[in-house]
Each structure stands twice: as structure tokens, then as C-alpha cells.
Protein chains: 4
Amino acid sequence: MRYLSAGESHGPCLVAVIEGLPSNLNLDREKINYQLARRQKGYGRGGRMKIEKDQVEVLSGLRFGKTLGSPLTLSITNRDYENWKEVMDPYSPEEFVGEGSGSQGEILTRPRPGHADLAGALKYHQKDLRNVLERASARETAIRVAVGSTARQMLAVFNVEVYSHVVEIGSIQSNPRELSPEELQRLAEESPVRCADSQAETAMIQEIDRVKAEGDSLGGVFEILVTGVPPGLGSHVHWDRKLDGRLAGALMSLQAIKGVEIGLGFETASLRGSRVHDQIYYDGSNHKYYRKTNGAGGIEGGISNGETIRIRCAMKPIPTLYTPLTSVDMMTKKSLEAGVERSDACAVPAASVAGEAIAAWEIACVFREKFGGDSMEEMVTNYHNYLEAIARR
Amino acid sequence: MRYLSAGESHGPCLVAVIEGLPSNLNLDREKINYQLARRQKGYGRGGRMKIEKDQVEVLSGLRFGKTLGSPLTLSITNRDYENWKEVMDPYSPEEFVGEGSGSQGEILTRPRPGHADLAGALKYHQKDLRNVLERASARETAIRVAVGSTARQMLAVFNVEVYSHVVEIGSIQSNPRELSPEELQRLAEESPVRCADSQAETAMIQEIDRVKAEGDSLGGVFEILVTGVPPGLGSHVHWDRKLDGRLAGALMSLQAIKGVEIGLGFETASLRGSRVHDQIYYDGSNHKYYRKTNGAGGIEGGISNGETIRIRCAMKPIPTLYTPLTSVDMMTKKSLEAGVERSDACAVPAASVAGEAIAAWEIACVFREKFGGDSMEEMVTNYHNYLEAIARR
Amino acid sequence: MRYLSAGESHGPCLVAVIEGLPSNLNLDREKINYQLARRQKGYGRGGRMKIEKDQVEVLSGLRFGKTLGSPLTLSITNRDYENWKEVMDPYSPEEFVGEGSGSQGEILTRPRPGHADLAGALKYHQKDLRNVLERASARETAIRVAVGSTARQMLAVFNVEVYSHVVEIGSIQSNPRELSPEELQRLAEESPVRCADSQAETAMIQEIDRVKAEGDSLGGVFEILVTGVPPGLGSHVHWDRKLDGRLAGALMSLQAIKGVEIGLGFETASLRGSRVHDQIYYDGSNHKYYRKTNGAGGIEGGISNGETIRIRCAMKPIPTLYTPLTSVDMMTKKSLEAGVERSDACAVPAASVAGEAIAAWEIACVFREKFGGDSMEEMVTNYHNYLEAIARR
Amino acid sequence: MRYLSAGESHGPCLVAVIEGLPSNLNLDREKINYQLARRQKGYGRGGRMKIEKDQVEVLSGLRFGKTLGSPLTLSITNRDYENWKEVMDPYSPEEFVGEGSGSQGEILTRPRPGHADLAGALKYHQKDLRNVLERASARETAIRVAVGSTARQMLAVFNVEVYSHVVEIGSIQSNPRELSPEELQRLAEESPVRCADSQAETAMIQEIDRVKAEGDSLGGVFEILVTGVPPGLGSHVHWDRKLDGRLAGALMSLQAIKGVEIGLGFETASLRGSRVHDQIYYDGSNHKYYRKTNGAGGIEGGISNGETIRIRCAMKPIPTLYTPLTSVDMMTKKSLEAGVERSDACAVPAASVAGEAIAAWEIACVFREKFGGDSMEEMVTNYHNYLEAIARR
């Protein structure tokens with residue numbers, strides 16, 4: 001499975017072409033839209049989310065609600081494009097040049113620290129930073145969420161579910177009691193900051209309000225949980241097939257992510273081996289090996305071990321501040337304040353939803369590799385044969 | 001650039017074929033051997049490192065010390081293979097079955113927690129866990145270090161250097177004063193635990209001794225520093241081309257790594273935006289943008305920004321303990337102690353060297369993508385043209 | 001560079017996402033539309049071409065007529081979709097079932113020989129052959145032509161041009177006198193069968209008329225010529241990097257192509273070595289090696305040698321015949337006539353245009369690999385440096 | 001599945017690393033050696049084949065004769081390396097410079113027409129053409145044959161067999177009566193020119209003798225037949241997944257191949273549709289669709305249709321002639337005769353064997369993609385489920 005995504009933040013639309021989904025998967029557009037709506041929620045979002053109400057269109061690969069096995073095209077219209085048509089015109093060779101500071105038509109020449117602006121402008125030989133930031137924008141995560149939703153719908157057939165909750169925003173940490181992934185998800189869904197600990201939730205909201213008032217921004221940490229994954233996805237045989245490597249690479253590519261850890265993650269560094277590793281037991285009645293702990297986060301030797309996959313991602317604070325940072329005007333080389341694009345004060349809840357989608361995609365990929373097949377029927381048969389085979393081992 | 005690696009821990013050798021190196025690169029075998037020797041050092045290593053003294057052979061792609069542009073074959077003989085010939089015989093269809101518990105010829109049926117053993121046996125339909133663990137073993141990192149060394153030799157032509165030091169072992173953290181990457185490296189090279197802080201070094205050694213005596217093991221954290229990287233490597237335009245994603249994916253695939261962070265990493269989650277992002281300045285005399293801080297760790301928007309690339313990796317304690325963990329015998333399904341393979345008490349210094357190699361490879365790959373060319377001469381010309389072009393921007 | 005294409009023949013649209021084009025390429029939508037119009041021409045086309053007048057929209061990656069370096073989305077609306085909305089509805093879970101034999105709403109169960117119908121239905125577990133044939137249709141070549149046009153526009157900056165002409169339709173062969181590629185192209189453009197030999201042209205048209213009247217169909221051979229390719233694209237070092245292999249693979253994937261040859265192709269089999277190989281000369285005033293013959297078709301050892309690249313492709317007759325072939329109804333297993341989808345009597349001229357596009361794409365890919373860079377400016381500089389370097393050799 | 005191959009013609013060895021083979025495949029080294037021996041036979045081979053008697057070593061991925069699922073390393077020692085050690089020394093930075101014209105130590109500066117020499121030297125910035133020709137040499141096909149042999153051994157478990165025979169050498173064409181693939185193979189194996197038609201065989205041998213005496217060389221055409229392929233390998237859904245495209249690309253990358261055709265190939269161009277396409281019948285007792293003709297060569301719409309896959313490849317005459325062609329000395333730019341490397345007068349039989357191996361590899365790849373799984377046990381189960389499923393359709 002593979003996909004290419006495309007689209008600028010204020011361009012006509014976001015698009016993805018997905019190649020490799022099995023045929024005869026019941027794909028529900030409303031389930032994709034539901035995921036898109038989840039991404040748009042979250043306390044601390046800025047004005048853009050009020051403009052967009054993302055809806056997907058499936059332009060190929062689907063007929064009567066079932067996949068054909070041919071490439072799927074997903075498209076999300078950027079409603080805001082209506083207001084940006086002149087600035088983002090694909091065709092006119094005459095560049096629109098508006099007036100006034102900060103207006104849409106102006107060439108952007110002051111790179112914002114923490115963004116792709118400066119490095120991207122140098123790399124791609126651009127004078128107008130808009131030519132970089134439009135694509136680098138986290139708006140792109142909308143289409144990744146849509147892509148991930150197709151993966152989730154496939155995984156759901158195999159009882160694989162992907163959850164997430166926010167465990168840290170700024171200085172506030174969540175301390176949910178020992179809750180199941182399902183329970184964590186249920187609570188997170190009800191929380192404006194996706195936090196399953198109501199006390200922490202209140203404090204997080206207060207911190208966001210405070211920081212927003214000061215023109216500053218906040219990052220945080222979210223946790224992804226994938227349940228129902230059979231043992232044997234990914235592989236130890238070659239470094240680029242290891243499931244942990246694939247998940248970490250994909251998640252680190254999510255905008256603003258600066259850290260990824262699996263299971264106990266950085267905590268393992270300070271613990272002794274006898275405290276870290278998950279001892280192995282056998283449940284004779286279900287013909288299944290199991291663990292009582294999950295320090296490994298469901299992956300050993302680059303392979304899923306049958307336990308819940310658990311990943312945490314650290315998100316830096318949104319780099320566009322309303323109290324701008326120091327930068328340089330690339331035309332004049334004079335020191336100036338960085339440009340300001342409309343932005344959020346805190347986007348951790350949204351990133352958490354995007355993280356789910358990314359994890360779902362990677363898990364779906366290794367599922368396809370392990371179970372092969374071209375139709376859902378074939379894949380399901382292969383899947384059950386494997387489960388049966390390992391139950392005898 | 002791409003490579004495939006191969007080889008079992010006690011098989012005849014480790015091999016890699018590297019495709020895509022430019023021609024006319026002066027490649028020094030002794031420099032590869034030097035890196036292999038660095039990997040074998042480190043306080044807390046076990047007995048295997050006394051047996052092996054790794055030496056590389058270059059079996060293709062090199063003539064009179066220069067690369068030909070054709071695929072390079074690297075091979076490292078496993079000296080220990082002499083003792084394992086019967087157990088690891090590739091050809092004989094008759095499996096050797098020795099006697100006694102724990103001997104080499106016995107079929108291994110007790111999976112070790114924290115290893116690929118169990119998941120790998122289920123996935124690959126294996127009765128003898130040796131068929132999994134031989135490849136999953138961290139012995140594989142030797143060839144990755146060799147591969148990385150070819151990348152480093154190419155990068156050195158462009159003044160890109162890769163360093164590392166250990167910042168945490170067990171409960172001990174290093175607090176090196178504000179040292180340059182070069183200085184950190186110099187001190188780390190002299191330290192048996194690759195630690196640039198001599199006080200921490202002493203404490204780390206004591207902790208290793210203590211834990212070893214108790215049959216337990218330790219993990220830690222190391223930091224990789226890549227200097228001299230020009231702005232513009234990697235790309236924001238597609239998720240799988242982001243440099244941070246690529247580095248994180250590759251490093252997470254290193255045996256026992258459970259966390260990767262870039263720049264401030266997980267710390268960014270608790271800091272405000274105004275404290276995290278690196279303001280931009282311009283050095284008119286050198287025609288260069290620069291920063292006074294490096295919270296981003298040299299990567300913004302998935303692109304190198306010209307600052308030192310800074311990555312930290314968390315390594316879990318070696319999972320093979322001399323005081324074994326509980327496991328299950330896969331034949332009898334009875335609860336038993338996990339098997340014990342010869343192992344180290346702490347391998348963080350070695351992992352740090354492997355991490356350097358992995359980072360070097362990924363950086364070399366994006367170098368090749370950006371500067372193209374088929375010979376070093378062509379690549380160097382392209383590189384200088386780019387530097388000149390961006391100096392005018 | 002890479003792209004994914006999508007779209008069913010009677011679905012809403014055809015789409016491609018292209019990743020890896022350099023920034024600052026002047027991309028003219030009208031040049032893409034011009035190529036699309038060329039594909040739709042050709043004596044012997046059926047009714048569909050009267051319905052569609054293909055026009056591309058660029059939905060991402062382009063601003064003010066210049067590429068941004070970010071993924072380009074190309075979309076071509078299928079105008080005919082208006083008539084097929086119920087039959088090709090992506091979403092409604094209720095399948096539309098119309099009445100009468102051969103109507104659009106009927107489930108297709110009689111696979112057509114020569115098409116993907118049967119094998120595709122087995123592979124993808126489909127009852128309704130429409131679920132296969134919609135994607136297998138040569139309608140897909142429209143988007144490949146659009147993709148190829150972006151490649152051509154990039155190549156044109158380097159004076160690389162791609163031409164084609166038809167050399168055989170049915171039993172008629174073209175015998176153009178010794179004409180330059182440019183002259184061949186000029187004549188082909190004026191010919192309804194893309195034939196540069198006016199005598200053969202007349203005979204071809206007569207043969208098409210005759211065959212059409214009999215409810216039969218015709219194939220043929222077209223030749224692609226790529227001029228201005230510098231020596232050194234592709235590589236001998238690894239089989240999957242050979243330029244001839246890449247071109248052959250891509251062209252054989254074009255619908256109905258059953259043979260590909262480069263240079264003298266199959267003719268080389270019957271000639272002696274002394275007659276086949278192109279002797280080498282040196283033009284001192286232009287500092288250039290050259291040949292007086294081009295039996296190699298511009299590629300030696302998998303590398304472009306600086307001469308015109310010359311490829312011929314054999315196209316089988318369109319397999320949908322108005323006088324249908326014998327087939328089997330997959331529901332009843334009874335022998336019946338194959339289904340008939342609207343079709344052309346001869347599509348060789350259109351395939352010839354599609355072939356140009358495919359060749360352009362592959363050449364553009366190896367161009368990007370050799371010259372690297374992220375912007376046109378950088379790529380052009382690297383290109384000139386290389387030309388200078390080889391002029392001194 | 002993927003592999004990288006490496007090795008120079010007179011370097012120490014040829015190597016391949018294969019990644020993605022299932023575990024528990026019984027892999028017989030002698031079967032690989034048998035294929036290597038087949039490649040070395042053939043009337044018209046030169047002196048090198050007397051020096052080498054190729055034998056493979058499996059250096060990883062195999063234990064007790066069964067694959068482990070981990071990467072397989074294949075190595076073939078170049079026996080001739082003993083005579084070339086000084087000339088091909090990988091390490092010594094001092095280039096060996098011998099004396100006299102044509103001796104091994106001399107720098108080669110006269111590119112041979114028809115070879116990679118000139119284009120490769122320009123591309124890779126080489127003064128000594130040996131740095132190009134060593135890798136471009138068809139000696140590389142030995143390792144591709146070894147790689148293909150592992151694929152064949154896997155395919156044999158699924159009753160897929162790969163055959164070939166020579167149908168043309170120079171002006172002589174084989175006219176075997178209507179023989180089955182097995183019969184063709186049996187006769188070809190007994191023939192010094194792999195020709196199943198004994199009359200043509202005699203004429204071919206005579207033609208080789210004649211041409212050899214004149215210092216010239218001959219090409220030809222061979223046909224590959226793959227039996228037992230189930231319907232549904234490859235795919236119509238995306239151009240780069242089409243089985244015909246993959247086969248053509250891989251085979252065109254074989255040294256000296258200038259044309260590839262599938263089924264009726266170029267002949268289809270001159271036939272009418274009603275004569276080309278294979279009508280569809282149903283065999284109720286075996287629950288199988290079948291054809292009475294095989295013009296498609298076993299592939300329709302880029303998918304195997306269950307019939308024998310039939311491919312023909314045109315090989316140009318070996319370009320190294322003992323009566324050398326005109327070339328240019330790259331140092332002096334003077335017109336001179338091209339250099340002469342030891343060579344064969346006709347290598348079509350050997351290429352035929354190499355072609356089998358290449359086809360086997362590609363078929364094995366699409367097998368792995370369709371049936372997934374990580375062990376032979378799992379793959380076989382999935383395969384049978386699929387066959388059962390399609391028998392009911």
C-alpha cells in the first residue's frame with residue numbers, strides 16, 4: 001500500500017491517491033467525515049477551523065460503497081480558497097500583489113522560526129515564503145486523517161481499533177487511573193482537550209487560556225493505543241521493515257512532532273532490565289501467549305507481539321506566535337519580527353487525532369504485507385488461517 | 001542510495017550491498033575498521049566482544065581505493081562461526097541436535113521477554129527460536145556501522161561530521177558543560193562509557209558494576225550530533241521525505257531503541273512557544289542566516305536548517321538477563337525461565353556508535369538526493385553551486 | 001519522481017498526483033490540454049472521443065504558473081460521467097440494476113477476450129465485470145498523457161523533445177524516407193493516422209475503413225524518438241536502473257502493447273555484430289563524441305549515449321469487437337458472446353501519443369536522478385556543469 | 001521481495017542479497033549450481049567459460065537447508081580473479097600500470113561500440129574504461145541466474161516451472177512443431193544452441209562457426225515459457241503493477257537485449273482483432289476457464305490469465321568483435337580501433353537461461369505480493385484458499 005498526498009493550505013483542495021487497498025471493503029464516507037470533524041475539534045484552535053468544515057469526496061476506486069481494488073482518490077475542498085483565489089491562482093503568470101502589511105497579496109519575506117519557511121525558501125529557491133508555507137502547513141494533516149480513516153475501516157474488519165488521548169499540555173500532566181484503551185478513548189472523546197483525566201483537563205484549559213492571552217502557544221504529549229493487533233506484523237529481518245521504525249518515522253513526520261517513544265520509551269533508560277521486560281505467560285484455554293505488563297508497548301524486535309501497541313508523541317508549541325519572534329527580512333536582510341499566519345494556541349488534541357490516523361495507516365500497511373490477497377474476502381481468509389496456525393504453536 | 005544487509009549472529013559473516021554511492025570517492029578500509037572497533041568498545045560489554053575483532057572486506061565496487069559507482073559489497077567475518085559451524089550449517093538437511101541444557105545444539109523453545117523470539121517464531125513458523133534470534137541479534141549493527149562509515153567518508157568531503165556521546169545510563173545523567181560537538185566527541189572517545197562528563201562517568205561505571213553483579217542490565221540515552229549540514233536537506237513537501245521522520249524511523253529500528261527525540265524533543269511539550277523556537281539572525285559577512293539557540297535540533301519543517309542536527313535516543317536495558325525472566329516453553333506450554341544467550345550488561349556506548357552510523361547513512365541519502373551527480377567531482381560541483389546560490393538569498 | 005494515477009473510465013474524473021518535480025518550472029496548462037487533444041485524435045476512434053474533450057485542472061503544486069516543488073495534482077473530468085452517475089455511484093450501498101440487455105445498469109458477467117475482465121474478476125473477487133474494466137480501460141491513458149506533458153515541459157528546458165509516428169497499421173507499413181525526427185513529427189501531426197509516409201497513410205485509412213465495416217479491429221506499430229538527451233542517463237550498475245529496462249517496462253504497461261524494441265530491436269537478432277554496432281567518432285570542434293548510425297537506439301549498456309533514443313511499440317488490435325468473440329457467462333457458465341463496450345476500430349495513433357508521454361516521464365525521472373536539485377535554477381546549473389565536464393573528456 | 005546484486009567481472013566475486021523470501025523453503029544449493037552450469041554452456045562461448053566453473057555459496061538466511069525468512073546472501077567466486085588481483089585490487093591507492101598494448105594493467109581508453117564504455121565513462125567521470133566495463137559485463141548474469149534459481153525453487157512448490165528455448169540465431173529460425181513447453185525444454189536442454197528444432201540447430205551451429213571464423217558475432221531470439229501460473233498475478237489497477245510491464249522491464253535490462261514481446265508480440269500489429277484474441281471457454285469438470293489459443297501469451301490487462309506465459313527476447317550480437325570496430329582514444333581523441341575484451345561469438349543460449357531466471361524472479365515477486373505470508377506453510381495455505389475461491393466463480 002502506498003499513497004501520495006497533495007494540496008496547499010489555501011489552495012483549492014487537499015488530495016490523496018491511495019493505491020493497494022483490497023477490493024470489496026465497505027468504505028463509509030461518513031466515517032471519514034467523522035474523523036475529519038474530530039481533527040477540527042479541540043480547545044485552543046484558531047479561526048481557520050471555523051471557516052472549514054471538512055468533507056471528503058471519493059473520486060475514484062469506490063462503487064456502491066465498496067472499494068474496487070483500484071486507486072482511491074480522496075479530495076477535501078478548502079472552503080477558505082474562495083477568499084484566496086487571487087493569491088493562490090494556479091495559472092495566471094501575473095503575480096497578484098496587494099497592498100499593506102500582512103495582507104494576503106503581499107510577498108512574504110520574513111521567515112517564521114520553527115517553520116519550514118527559511119530552509120524551504122533556500123532549498124526551493126523561493127522569494128515568496130508563501131510558496132513554502134502553504135504546503136508545510138499542518139492543514140495537510142486533514143488529508144492524512146482521511147487516508148488513515150480508510151485504513152481504520154479496513155482494520156476494523158479485523159477488530160483492530162486505534163485510540164488516543166492527550167497526556168500532557170504544557171506543564172500539566174494527565175494521570176488517568178488504570179483505564180482500558182476503550183475507556184481512555186471514551187473519556188478523551190468527551191474532553192475538549194482529549195484528556196481522560198478530568199482534573200488535568202481543567203488545568204489544561206486554564207493553561208491554554210493563560211498562554212493565549214499572552215500571545216504565546218503550548219505543545220504537549222499524546223498517546224496512541226492500537227488494540228487487537230495480532231502478533232507477527234512488521235519484521236526483525238531487515239531494519240526498514242521493523243514496525244517500531246515505521247511507526248516512529250511516520251509519526252515524526254507529523255507537523256510539530258519532536259519526539260516519539262514506544263511503550264515505556266525514555267523511561268526505559270533509567271530502569272533496570274528486570275523492571276522493563278514483559279514476562280511471558282500462556283493462556284491454555286485461549287491458546288494464546290500473553291503478558292501481565294506492557295513495557296514494550298506491543299512491539300518486540302520490530303514485530304507486534306499481540307499486546308496493545310502504545311506510542312507517545314511530543315508536540316512542540318505552535319511556532320506562529322501572536323507575539324512574534326525575531327527574524328530577518330530576506331530581501332533587506334534587516335532584523336524584523338517574523339510574519340504571522342493565522343494560527344492556533346494549542347493543537348495537541350488535533351495532532352492526537354492525526355497521530356491515530358498515521359498509526360492506522362502504518363498498521364494497515366503491514367497487515368496488507370502479511371496477509372496479502374486482493375479482496376477483503378481473500379484477506380480475511382488468510383488472516384484466519386494464520387490465527388489458527390499460531391494457536392497451535 | 002539504498003542498501004540491503006544480511007547475516008546471522010553466528011553465521012559465517014555479515015554482508016551489505018550498497019547501491020548508489022558516487023564514483024571516485026576515496027574509501028579507506030581502515031576507516032571502516034576504525035568504526036567497527038569503536039562499536040566493540042564500551043564498559044559493560046560481555047564475552048562476545050572478546051572473540052570478535054571485526055574487520056571489513058570490500059568485495060565489489062572499489063578499485064585502487066576509489067569507488068566505481070557500482071554496488072559496494074561489505075563483508076565482516078564472524079570469527080565465532082568457527083565454533084558454531086555445526087549448529088549454523090546452511091546446507092545439511094540433517095539438523096544437529098546436541099545434548100544438555102543451554103548447549104549450542106539444542107533447539108531453543110523458551111522465548112526471551114524483550115526479544116523478537118516469540119513474535120518472530122509465530123510469524124515465521126519456527127520451532128527453534130534460534131532461527132529468529134540469530135538475525136534479530138544486535139550483532140547486525142556491526143554491518144550497519146560499516147555501511148555508515150562509507151556514508152561518513154562521503155560526508156566528510158562536504159565537512160559533515162557525525163558525533164555522539166552518552167547522556168544517561170540507568171539513573172545517572174551526564175551534565176556536560178556547554179561544550180561544542182567536537183569537544184563532546186573528544187571527551188566521549190576517551191571515556192569507557194562515551195560520557196563527556198567525568199563525574200557522571202564514574203557514577204555510570206559504578207552503576208554498571210552494581211547491576212551486573214546482580215545479574216541485571218541497564219539502558220540509557222545517547223545523543224547524536226551532525227555538524228556541517230547545509231540548509232535544505234529533506235523536504236516539507238511530502239511526509240515520507242521529511243528528514244526528521246527519516247532519521248527517527250531509521251534510529252528506532254536500531255535494536256533496543258524505544259524513543260527518539262530531535263532537538264528539545266519531549267521537553268518542548270512543557271515549554272511555551274516563545275521559549276522553544278530559535279529566532280533567526282543574519283551574518284552579513286558570511287552571507288548566512290543563523291540562530292543563537294538550537295531547540296529545533298537543526299530541522300524545521302522536515303528540512304535541515306543549517307544548524308547542528310541533534311538527536312537523542314533512548315535504549316532499553318539489554319533484555320537477556322543472567323537472572324532470567326519468566327517465560328513459557330513453546331513445546332510443553334509450561335512456565336519456565338527464559339533462555340539465556342551470552343549478553344552484555346550495558347550496551348549504550350556501542351549503540352551510540354551504531355546511532356552515529358545510522359544518522360550518517362540517512363544524511364548521506366538526502367545529500368545524494370539533493371545534489372545528484374554520479375561522481376564525487378560532479379557532486380562537489382553541484383554542492384558548491386548550491387551554497388553559492390543560497391549565499392545570495 | 002513518482003506519481004500515482006487514479007480514476008475509472010466512467011467515474012467522475014481521472015486524477016494523478018506527481019511528487020518530485022522541481023520548483024520554478026513554468027507549467028502551461030494549455031500545453032497539457034494540447035497533448036490531451038492530440039491523444040483524442042486519430043482515424044478510427046469510436047464514439048467516446050466525441051463526448052469527451054479533455055481538459056486538465058491543476059489542483060495543487062502550482063501558483064502563478066510556476067511549480068512550487070510540492071506535489072502536483074492533475075484532474076481531468078470525465079464528461080460522460082453525467083450519463084453514468086447511477087451506474088457508477090461511489091456511495092449508494094444500493095446497487096442500481098437497470099433493465100434490458102447491454103444497458104448500463106446491468107451487471108456484466110461475460111468477460112471479453114483480450115481484456116482484464118476475466119483475470120481481474122477472479123483476482124479481485126468481482127461478480128460485475130464493470131468493477132474491473134472501468135479501471136483497466138485505456139481511458140486511463142488520458143491522465144498518463146497529462147503527467148507526461150509536465151515531464152515534457154521540464155525536458156524542453158533542456159532541449160529534450162519527444163516525437164512519435166506510426167510505422168505500421170495492420171498489414172500496411174510506412175516507409176518514410178530518411179527524415180529527421182522533427183520532420184517525422186511534423187508530417188505525423190498532419191496525418192489522421194500519425195503516419196509520415198503519405199502513401200502508406202492512404203492505405204492505412206482504407207484498411208481501417210474495411211476492417212471497421214467488418215466489425216473487426218486493427219493494431220500497429222509506432223515509433224518514439226527522443227532528441228537532445230545527453231549521454232549518461234540511466235545506469236549500467238544495477239539492473240533496475242537501466243534506461244532501456246525502465247522505458248520498456250513503462251511502455252509495455254500501456255494498454256494493448258505486446259512488444260517493445262529499442263533501436264534495431266528484433267532486427268539485431270538476424271544481423272551480424274559488424275552491422276549492428278555504432279562506431280564512435282569525435283567531433284573536435286564541438287568537443288563531442290558521435291555516431292554515424294544509431295542501431296543502438298541511443299542506449300548502450302543501459303545508459304543514454306547522446307544519440308536520439310528510438311523505441312518501437314507493437315499494439316495489438318483493440319479487443320472489443322463489434323462482431324463479438326466467444327466467451328462464457330460467469331454466472332451460468334454457459335458459452336455466449338463476449339460483452340461489447342463502446343470502442344475504437346484502431347487506436348494506434350492515440351497510443352503513439354500516449355507512448356510519447358510515457359517515454360517523456362521516464363526520461364524526466366532519470367534527468368532528476370542525475371542532476372538532482374530542487375528548483376529549475378539549480379537543476380539547470382547542475383546540467384550545464386555536467387555538459388562542460390564531459391566536453392573536456 | 002527485492003534484491004541487490006554486486007560484483008565486477010574480474011573482481012573477487014559476485015554477490016546478491018535477497019530480502020523477502022518466505023521461511024521454511026527448502027533451498028538446494030546444488031539446484032542453484034545446476035542453473036549456473038546451464039548458463040555456462042552453449043555453443044559459441046569464448047574462453048572465459050573454461051576458466052570459471054561457477055559455484056554458489058549461501059552466506060546467510062539459510063540453516064539446515066531451509067530459509068529462515070532473513071536475507072539470503074549468495075556469493076559466486078570469480079576464479080579468474082586470481083589472475084587479476086593486481087589489476088583489480090580494491091584497496092591499494094597506487095594504480096598498477098603494466099606494459100604493452102592490450103595487457104591487463106594498461107588503462108583502457110578506447111570505448112567499444114555497443115557497450116556501456118563511452119556513456120559510462122562520461123557519466124561516472126572515468127579515465128580508465130575498465131572502471132565501467134567490469135560492472136557492465138554480462139558476467140553479472142551469473143548472479144542473476146543464482147537469484148532466479150531461488151525464485152524457481154519457491155515457484156516449484158506451486159508447480160510453476162520456467163522453460164526456454166532459442167528460436168533464432170542470426171538468419172536461422174527454429175520451427176519446432178507444436179510442442180508442449182516441457183517437450184521444448186527437454187529438447188533445448190540437449191541442444192548446444194538450446195534449439196528444439198534439430199534441423200535449425202545444425203544450421204545455427206554452422207552459422208556460428210562461419211561468423212566466428214570471420215571475427216564477427218551473432219545475436220538471436222529466445223522464448224521463455226512459464227507454466228502453472230494461476231490467474232490473478234500482476235494487476236491492471238496501476239501501470240507499474242502490470243505483470244507484462246514488469247517482465248518486459250526486467251528482461252530488457254538483461255545485457256544485449258534490444259526487444260521484448262509477449263505472446264504474439266509484434267505479430268499482433270499486422271493481424272486483425274478476430275485473429276488475435278483468445279476466446280474463453282469453461283471446463284466444468286475442472287471448474288476452470290481456459291483458452292484454445294494463447295495469442296496473449298498468458299497475460300491480459302497486465303494480469304496472468306492462467307495460460308502459459310510466453311515471452312520472446314531479441315538479443316543483439318555480442319559487441320566485442322575480434323575484428324574491431326572504429327572508435328576514438330579518449331586521451332588523444334584520435335580515431336583508433338576499439339579495445340578487445342575476451343568475448344563470445346554467440347551467447348544467445350546463455351542469455352536464454354538468464355532470461356528464465358529473470359522471469360522466475362518477477363513471477364515469484366508477484367506471487368509473494370498476492371499470497372503474502374511469511375513462511376512457506378502460510379503461503380501454501382493462502383494459495384490453496386485462493387484456488388478454491390476462484391474455482392467457485
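No hydrogens, no waters, no symmetry mates; every other heavy atom, side chains included, goes into these values. Sequence lines set the chain letters: A, B, ... in the order given, protein chains first and strands last, and positions in each chain run from 1.
- Residues D:N131 and B:K66 fail the side-chain proximity criterion, which asks for heavy atoms closer than 4.5 Å.
- Of the atoms belonging to D:S75, not a single heavy atom falls under 4.5 Å from chain B.
- To the nearest 0.5 Å, the span separating CG on B:D374 from NZ on D:K123 amounts to 3.5 Å.
- Here the side chain of D:S375 pairs no donor or acceptor atom with the backbone of B:Y124 at under 3.5 angstrom.
- Per-residue heavy-atom pair counts under 4.5 Å with chain B were compared for D:G61, D:A16, D:P22, and the maximum is reached by D:G61.
- Distance alone, capped at 3.5 Å, is enough to place a donor-acceptor pair between the D:N24 side chain and the B:H125 backbone.
- When every heavy atom of B:V15 is checked against every heavy atom of D:V17, the shortest pair comes out as CG1-CG2, 4.1 Å.
- If you measure heavy-atom distances from D:E378 to chain B, the contacts under 4.5 Å come from the side chain alone.
- Judged purely by atom type and a 3.5 angstrom limit, B:R63 has no side-chain atom pairing as donor or acceptor with the backbone of D:R130.
- The residue among D:G120, D:S70, D:A136 with the most heavy atom pairs within less than 4.5 Å of chain B is D:S70.
- Here the shortest heavy-atom pairing between B:T73 and D:A6 reads OG1-CB, 3.2 Å.
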Begin with the C-alpha distance, continue with both residues' side-chain angles, and end with the deciding distance and a verdict on side-chain contact (heavy atoms from CB on, under 4.5 Å) for D:L68 and B:E8. CA-CA 10 Å; D:L68 297 173; B:E8 278 68 43; 3.9 Å; yes
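- Taking B:G7, B:P12, B:G11, B:P71 one by one and counting their heavy-atom pairs under 4.5 Å with chain D, the maximum is reached by B:P71.
- Put simply, the side chain of D:R29 never gets that close to the backbone of B:P90: no donor and acceptor are under 3.5 Å apart.
- Sparse packing is recorded around NZ of D:K85, with 12 or fewer heavy atoms of other residues, nucleotides or ligands lying under 6.0 Å away.
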Give the intermediate values and the outcome of side-chain contact (heavy atoms from CB on, under 4.5 Å) for residues D:Y91 and B:E57. CA-CA 10 Å; D:Y91 307 117; B:E57 286 294 330; 2.8 Å; yes
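- Atom CD of D:E134 and atom OG of B:S60 lie 11.5 Å apart (nearest 0.5 Å).
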